[in-house]
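We count ligands from 1, going down the list as the structure has it; atoms in each ligand are counted the same way.
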Amino acid sequence: MLECKNLSLIYKDGNKENRVLLDVSLKINKGENVVLLGPSGSGKSSLIYLLSSLRKPTSGSITYNGVNLETLKNKDTSKIRKENFGLIFQMHFLIPYLSVLENIMTAAPSYNDRYLERAQQLLKDLRLEQYSHKKINQLSGGERQRVAIIRALVSEPDIVFADEPTASLDHENAVSIIKMLKDYKENSTLVMATHDTSILSGNERIIRVENHGIKEVTSQIPTA
Ligand SMILES: Nc1ncnc2c1ncn2[C@@H]1O[C@H](COP(=O)(O)OP(=O)(O)OP(=O)(O)O)[C@@H](O)[C@H]1O
Ligand SMILES: [Mg+2]
């Protein structure tokens, strides 16, 4: 469903080049739980930005359900993203002066009862219903992280991109969040970057990001 071919990302800083990813090719199938592991600075977040079309590659292509995202106008890529992708960022990017519910609804394809009900259900599932009208800056780090997760799931996306989604959660909460990200709907697809291998259960496809490239890992649960 999502395929990238010969993807490179080179950040330019004046005359200096930071070659983050070089010639990366990857095919992600519907229903897979893909986990990106690798040292800090290796390019996990960058790869998530590229795959979710938030950043354009220096070269290479990304195809989603047969559509080459490079050929689309910005507004068409945003539409695909809003309707099909759920995004959980490493720095949550919640809007501090909006309420929990308002933040969640920014990711709904439209503001209607269907998505409001879904938001309320997710708030209940993650034990945040009593916070729905609170402003983000009144919440703890772990509560904010759960709001960011609900925002990613409200549109019932086909694929969730999650960048360190459990970084501010205790182990028990982290394990139940990962289960939710894997099972939020039938045939859901997850692409997640993490440092925490203790949350893995063995049904993931592990990919290591290192030395400007990626490597499939075949052993059961590797160490970070
Ligand atoms: N917007 C940017 N402009 C320039 N360089 C960037 C930018 N974003 C990231 N980088 C650089 O790209 C490299 C990869 O960063 P990235 O955030 O993808 O790593 P990461 O694997 O997610 O690390 P971490 O585990 O710390 O989150 C780093 O060297 C970083 O400094
Ligand atoms: Mg990162």
Side-chain angles (χ1 to χ4, degrees), residues 2-28 32-62 64 69-70 74 77-78 81 85-95 107 141-142 144-149 151-153 157 159-171 173-175 177-178 181-182 189-200 204-217 219 221-224:
L2 186 69
E3 186 170 13
C4 69
K5 277 193 190 148
N6 310 110
L7 217 55
S8 293
L9 179 68
I10 300 171
Y11 289 114
K12 290 206 171 70
D13 179 13
N15 291 332
K16 275 198 239 144
E17 280 193 343
N18 183 359
R19 295 143 67 89
V20 179
L21 296 169
L22 298 174
D23 215 15
V24 170
S25 296
L26 173 67
K27 196 172 174 176
I28 294 169
E32 278 185 333
N33 296 316
V34 177
V35 174
L36 306 176
L37 298 179
S40 180
S42 59
K44 303 178 296 297
S45 296
S46 300
L47 184 56
I48 283 186
Y49 280 118
L50 293 175
L51 292 173
S52 59
S53 79
L54 283 168
R55 187 176 280 281
K56 285 205 188 306
T58 312
S59 59
S61 68
I62 298 148
Y64 175 68
L69 299 180
E70 295 305 294
N74 281 345
T77 345
S78 322
R81 210 163 40 229
F85 297 171
L87 295 151
I88 303 166
F89 301 100
Q90 193 163 7
M91 332 252 178
H92 311 144
F93 299 130
L94 294 165
I95 302 169
R144 290 177 203 204
Q145 189 139 32
R146 274 140 63 208
V147 174
I149 287 160
R151 183 182 57 180
L153 297 181
I159 174 160
V160 168
F161 296 93
D163 198 354
E164 308 280 354
T166 60
S168 3
L169 301 176
D170 58 79
H171 183 73
N173 261 304
V175 168
I177 289 286
I178 295 302
L181 289 176
K182 285 174 175 169
T189 308
L190 174 65
V191 180
M192 169 173 80
T194 187
H195 283 111
D196 184 7
T197 51
S198 76
I199 56 172
L200 304 181
E204 298 90 358
R205 174 180 171 197
I206 312 280
I207 293 177
R208 191 169 275 284
V209 183
E210 59 190 3
N211 303 324
H212 315 294
I214 59 167
K215 206 159 86 188
E216 298 269 349
V217 176
S219 67
I221 297 179
T223 51

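The backbone N or O of S198 sits less than 3.5 Å from a side-chain atom of D196, completing a donor-acceptor pair. In this structure, the side chain of Q145 engages the main chain of P165 through a donor-acceptor pair within 3.5 Å. Between the K44 side chain and the G38 main chain, a donor and an acceptor come within less than 3.5 Å of each other. Between the side chain of R151 and the backbone N or O of H92, at least one donor-acceptor pair lies under 3.5 Å.
In this structure, the ring pair (Phe, Tyr, Trp, His ring centres under 6.0 Å) partners of F161, at least two apart in sequence or on a different chain, are F85. By the side-chain hydrogen bond (donor to acceptor under 3.5 Å, both in side chains) test, T58 is found to be paired with no residue, residues two or more places apart in sequence or in another chain being considered.
Separating the CD atom in E70 from the OG atom in S61 is a distance of 7.0 Å, to the nearest 0.5 Å. One finds the OG1 atom of T197 at 8.5 Å from the CD1 atom of I206 (value rounded to the nearest 0.5 Å).
Nearby protein atoms of type N, O or S around the Mg ion (ligand 2) amount to 2 (distance under 2.8 Å).
Annotation: side chain of L7 is not in contact with side chain of L21 (no heavy-atom distance under 4.5 Å).
Sorted by chain then number, the residues whose non-hydrogen atoms approach ligand 1 to under 4.0 Å are Y11, N18, V20, P39, S40, G41, S42, G43, K44, S45, S46, R55, Q90, H195.
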